[in-house]
Amino acid sequence: MTNEKGLLHNFGSELIAERIEHGVTFRLFKNRIFHVSIPKNKKIEKIVIERGYVFLDENGGGKFYNIYEFDTFSDVEPEVREWAASLSGNHYTFCDAIVIRNLAQKIITDFYLKFNKPQMPTKIFYSVEKALDWIKDMQKN
């Protein structure tokens with residue numbers, strides 16, 4: 001998971017808000033990056049998504065470049081995957097970077113991309129740094 005010391009440097013922007021709810025850490029940076037850190041063994045349910053939206057609304061709303069960083073054995077409920085791929089699940093989204101840790105998560109995210117076909121640009125990474133590089137490219141376009 002992203003360590004606190006390297007966080008500001010890696011994201012290249014000021015951290016403007018941070019909150020932990022249901023064990024999930026939400027971070028919002030001035031450069032419109034929304035970083036969601038999902039801890040080991042956590043399964044994301046709709047309530048976590050709703051709390052994330054409240055967090056974004058409290059901090060100005062709008063659209064964001066999302067990084068979802070999953071620790072080992074963390075996952076997303078199937079109904080949340082289906083919802084996240086739809087246009088209604090993306091009204092806060094420019095793009096989604098999914099950071100995973102292992103082969104099992106890779107299989108699940110590959111299935112998500114092929115079966116659910118997200119409406120916004122979505123890519124899988126094994127490191128936050130690579131995800132940030134991709135997002136920086138997306139911000140230029």
Pairs of donor and acceptor atoms involving the side chains of residues 123-136, under 3.5 Å and at least two apart or interchain, shall be tabulated with distances.
{"residue": "S127", "atom": "OG", "partner": "K130", "partner atom": "N", "Å": "3.1"}
{"residue": "E129", "atom": "OE2", "partner": "N10", "partner atom": "ND2", "Å": "3.3"}

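The aromatic rings of F26 and F34 sit parallel to each other, their planes meeting at less than 30°, with 60° as the upper class boundary.
Going from atom CD of E58 over to atom CG of L28 covers 11.5 Å, rounded to the nearest 0.5 Å. The CD1 atom of I98 sits 12.5 Å away from the CD atom of E69 when rounded to the nearest 0.5 Å. N31 CG to I16 CD1: the interatomic distance, rounded to the nearest 0.5 Å, is 9.0 Å. If you take CD1 on I44 and OG on S74, they are separated by 7.5 Å, rounding to the nearest 0.5 Å. Residue I100 holds its CD1 atom at 12.0 Å from OG1 of T72, rounded to the nearest 0.5 Å. Put simply, CZ on F73 and CG on N41 are 7.0 Å apart, with the number rounded to the nearest 0.5 Å.
Counting only residues at least two apart or on different chains, the side-chain hydrogen bond (donor to acceptor under 3.5 Å, both in side chains) pairs with a member in residues 102-118 are K106-D110. Sequence neighbours left out, the pairs with a member in residues 45-54 that pass salt bridge (charged side-chain N to carboxylate O under 4.0 Å, His left out) are E21-R51.
Taking all atoms of both residues into account, the shortest heavy-atom contact from T93 to M120 is O-CE, 3.0 Å. Closest approach of H22 to I47, counting heavy atoms only: NE2-CG1, 3.7 Å.
Contact check for Y92 versus N66: no side-chain heavy atoms found under the 4.5 Å cut-off. With contacts defined as side-chain heavy-atom distances shorter than 4.5 Å, the pair Y65/Q139 qualifies. Contact annotation: the side chain of R32 approaches that of F64 to within less than 4.5 Å [non-hydrogen atoms, C-beta and beyond].
F111 belongs to a hydrophobic cluster whose other members, connected by ILVMFWY side-chain contacts under 4.5 Å either directly or through intermediates, are F115. Residue L103 is found in a hydrophobic cluster whose other members, listed by chain and number, are I107; membership requires side-chain heavy atoms under 4.5 Å apart, directly or through intermediates.
For the side-chain contact (heavy atoms from CB on, under 4.5 Å) criterion with D96, the lone passing option out of I67, V36, T122 is T122.
Taking hydrophobic clusters as Ile, Leu, Val, Met, Phe, Trp and Tyr residues chained together by side-chain heavy-atom distances below 4.5 Å, V99 shares a cluster with M138.
D75 pairs by the side chain to side chain contact (heavy atoms under 4.5 Å, CB included) definition with K43, R81, I108, not counting sequence neighbours.
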